[in-house]
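Residues: numbered from 1 along the sequence shown. If you're wondering where the values come from, they're calculated on a predicted model, not measured in any experiment.
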Amino acid sequence: MKSEDTPFVGGPLDGRVLPILLGPTGHPPKVYRVPVPDEAGGPPTVLVYRRAAKAPGRRLGLHQGWKYEYDPEGDKAGSGLKWPWSKPGGASAAD
């Protein structure tokens, strides 16, 4: 599989560049989750990074690649699939 060196902005991984596997379309995943183990043996903390376009290119305004930006709210914002028939706010049909 192909990988791409992708920079991380913000949060604990700020300034690091990691190789990220690309999907079948040639893009890295939209959300990158990094589990950080707890020293006390509890459940791991999950850092969430969201994909964003790097600066626009010189020609045609196409972007030059991707970067990951830290999302301090984590999975609370925009989690799960959004289907056209789903209720707003993620309420299920049983509610």
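- Between Val46 and Val36, every side-chain heavy-atom pair lies at or beyond the 4.5 Å cut-off.
- Side chain of Tyr70 to main chain of Leu13: no donor-acceptor pair is present (N/O by atom type, distance under 3.5 Å, no hydrogens or angles).
- Val34 and Val31 fall into different hydrophobic clusters, where Ile, Leu, Val, Met, Phe, Trp and Tyr are joined by side-chain heavy atoms under 4.5 Å apart, directly or via other members.
- When every heavy atom of Pro29 is checked against every heavy atom of Ile20, the shortest pair comes out as CD-CG2, 3.8 Å.
- Under the 4.5 Å side-chain contact rule for hydrophobic residues, Tyr68 and Leu18 share a cluster.
- Here Glu69 pairs with Lys67 under the salt bridge (charged side-chain N to carboxylate O under 4.0 Å, His left out) rule; sequence neighbours left out.
- A donor-acceptor pair under 3.5 Å links the side-chain atoms of Thr6 to the main chain of Glu4, judged by distance alone.
- The two residues Asp38 and Pro43 come nearest to each other via the heavy atoms CB-O, 3.6 Å.
- Arg51 places a side-chain N or O within 3.5 Å of a backbone atom of Pro28 that can act as its donor or acceptor partner.
- Counting all heavy atoms, side chain and backbone alike, Pro37 lies closest to Pro44 at CA-CB, 4.1 Å.
- Put simply, the side chain of Pro7 does not reach to within 4.5 Å of the side chain of Trp66, judged on heavy atoms.
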Test Asp14 against Arg16 for side chain to side chain contact (heavy atoms under 4.5 Å, CB included), laying out the working first. CA-CA 6 Å; Asp14 188 27; Arg16 294 191 186 193; over 6 Å; no
